[in-house]
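Working notes, structure below.
Bear in mind that the values here come from a model prediction, so they are computed numbers and not experimental data.
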Amino acid sequence: MSVTRRTLLTAGSVGLLMAQARAANNPEQQVESASVVSDNTLRIAMPAFASNPFFPADGSGDSGIDMELARGIAAELGVEPVFDRSAVTFDDMVKQLTSGQADIAIGKLSRTLHRGRSILYSRPYAMLHQGLIANRLNLARIAQGKPPEQIIRDFSGDLGVIEGSSFATYAAKTFPHAQVHRFAGWNMVVDAIRNGTIDMAYRDDFEIKKLMVDDPSMTVAARSITLTDKVDTIAVGVRPDNPHLAAFVDLYLDLARGQQVLNTDEIIARYRLGSKA
């Protein structure tokens, strides 16, 4: 008996319908056919340095808000988390995403419009305010009796930021008249504030408040200022060619984390608790 084109088409249609029916009755097969990540691993970029209570330094354990978040996402995906702690700056994590070296970046990563041009972001899981820490003597000289808040917006002095951070990007727009000095790390910025080499430093209000917790004597040499109209949103970065993974991370934050968005006071409380431990 000859096999006609209509016979082949009919057989093919029946086969497709049978395959679709089997997939509908086997959710695991559906999940496997639309895998979010490959090789049964989730490659996670995280900086080499510490930013407690978000993450410890490379090789110093696995505690912290970001560590827990990363492991939770990997567990729900049913894959093994593999951490890459080679990033020296926050921007280095972004480069690992764009180059395909990492699937996600979790490491107190701020959302910026500039970064958003090259990577995907989850919704925020922490929302901080931007802040300043100022050398008291330098600030008094600049203010000349005026409330510091009045001179902030037109600040034209020396402003310190961390190289490769979101605040290095924010500085030019927020303080267009300032002389911006870029430092390799936060400790160097703090030293410059303490000895008066720079007038103010720009970072999120959590890190500034944490500094005062760690070193109460800093209040003698410096003053903190919170910019209540400026926010710093922290999110998970996702490689640009995997929107499915970005959507899954959002779903995880909504369902497993109850849409919780941490604020500065909650994070400081956790930091104090960890410091006592």
Self-check item: Closest non-hydrogen atom pair, E266 against V261
Solution: OE1-O, 3.9 Å
Quiz item: Between CG of D250 and OH of Y125, what distance do you get to the nearest 0.5 Å?
Solution: 13.0 Å
Quiz item: What is the distance from atom OH of Y271 to atom OG of S51, rounded to the nearest 0.5 Å?
Solution: 9.5 Å
Practice problem: Determine whether I106 and F49 fall in the same hydrophobic cluster, where Ile, Leu, Val, Met, Phe, Trp and Tyr are linked whenever their side-chain heavy atoms lie under 4.5 Å apart. | Solution: yes
Quiz item: Looking at side-chain heavy atoms only, is the closest gap between F83 and D62 below 4.5 Å?
Solution: no
Quiz item: Side chains of V189 and I133: does their closest heavy-atom pair fall under 4.5 Å?
Solution: no
Quiz item: What heavy-atom pair brings A87 and D92 nearest, and what distance separates the two atoms?
Solution: CB-CB, 3.7 Å
Self-check item: Cluster overlap L132 with L128, hydrophobic side-chain contacts below 4.5 Å
Solution: no
Exercise. Give the minimum heavy-atom separation between A57 and A50, together with the two atoms involved.
Key: N-CB, 3.3 Å
Quiz item: Does any N or O in the side chain of R239 come within less than 3.5 Å of the main-chain N or O of L97, such that one atom is a donor and the other an acceptor?
Solution: no
Exercise. Determine whether Q259 and R123 make a side-chain contact, defined as any pair of heavy atoms from C-beta on separated by less than 4.5 Å.
Key: yes
Quiz item: Between K108 and F55, what is the shortest heavy-atom contact and its length?
Solution: N-CE2, 3.9 Å
Self-check item: Evaluation steps, ring-ring contact (aromatic ring centres under 6.0 Å, His included), between F175 and F167
Solution: CA-CA 11 Å; F175 302 102; F167 291 89; over 10 Å; no
Quiz item: Is the closest basic N to carboxylate O distance between R115 and D91 below 4.0 Å?
Solution: yes
Quiz item: Quick check: are there more than 12 heavy atoms from other residues, nucleotides or ligands sitting under 6.0 Å from CG of N195?
Solution: yes
Quiz item: Do side-chain atoms of D205 reach the backbone of T226 as a donor and acceptor pair under 3.5 angstrom?
Solution: no
Practice problem: Verify side chain to side chain contact (heavy atoms under 4.5 Å, CB included) between I268 and D265, making sure each step is shown before the conclusion. | Solution: CA-CA 5 Å; I268 279 288; D265 290 341; 5.6 Å; no
Quiz item: Between atom CD1 of I198 and atom CE of M188, what is the distance when rounded to the nearest 0.5 Å?
Solution: 10.5 Å
Self-check item: Candidate pair L109 and V94, rule side chain to side chain contact (heavy atoms under 4.5 Å, CB included), full reasoning
Solution: CA-CA 9 Å; L109 184 66; V94 175; 4.2 Å; yes
Practice problem: Quick one: pull up CG in L227 and OH in Y202 and give me the separation to the nearest 0.5 Å. | Solution: 6.0 Å
Self-check item: Q101 and D84: side chain donor to acceptor below 3.5 Å
Solution: no
Practice problem: Report whether F248 and Y121 are members of the same hydrophobic cluster (ILVMFWY, side-chain heavy atoms less than 4.5 Å apart, transitive linking). | Solution: yes
Quiz prompt | Derivation and outcome, side chain to side chain contact (heavy atoms under 4.5 Å, CB included), residues M67 and M46 | solution = CA-CA 9 Å; M67 279 287 187; M46 186 175 284; 3.7 Å; yes
Self-check item: Closest approach of A45 to Q96 (non-hydrogen atoms, all atoms of both residues)
Solution: CB-OE1, 3.3 Å
Self-check item: Hydrophobic cluster identity match, Y170 and W186, side-chain contacts under 4.5 Å
Solution: no
Quiz prompt | Non-hydrogen side-chain atoms of V238 and I104 separated by less than 4.5 Å | solution = yes
Quiz item: Does the side chain of D199 reach to within under 4.5 Å of the side chain of N135, using non-hydrogen atoms?
Solution: no
Quiz item: Under 6.0 Å from the CG atom of L255, do we count more than 12 heavy atoms belonging to anything else shown?
Solution: yes
Exercise. Enter the distance from K210:NZ to R272:CZ here, rounded to the nearest 0.5 Å.
Key: 12.5 Å
Quiz item: Where do P47 and M93 come nearest, in terms of heavy atoms and distance?
Solution: CD-SD, 3.4 Å
Quiz item: Can you say whether the rings of F206 and F54 are parallel (under 30°), tilted (30 to 60°) or perpendicular (over 60°)?
Solution: perpendicular
Quiz item: Taking side chain as C-beta onward, heavy atoms only, is I152 less than 4.5 Å from M200?
Solution: yes
Exercise. Report yes if the side chains of I193 and M218 come closer than 4.5 Å at any heavy-atom pair, otherwise no.
Key: yes
Exercise. May I have the step-by-step check of side chain to side chain contact (heavy atoms under 4.5 Å, CB included) for I234 and S110, ending in yes or no?
Key: CA-CA 5 Å; I234 308 300; S110 298; 3.7 Å; yes
Quiz prompt | Sub-4.5 Å side-chain heavy-atom contact between S122 and Y252 | solution = no
Quiz item: Between E163 (side chain) and F183 (backbone), is there a donor-acceptor pair under 3.5 Å?
Solution: no
Quiz item: When rounded to the nearest 0.5 angstrom, what distance separates CG in L159 from CZ in R182?
Solution: 10.5 Å
Quiz item: Can you get from M212 to V190 by hopping between Ile, Leu, Val, Met, Phe, Trp and Tyr side chains that sit under 4.5 Å apart?
Solution: yes
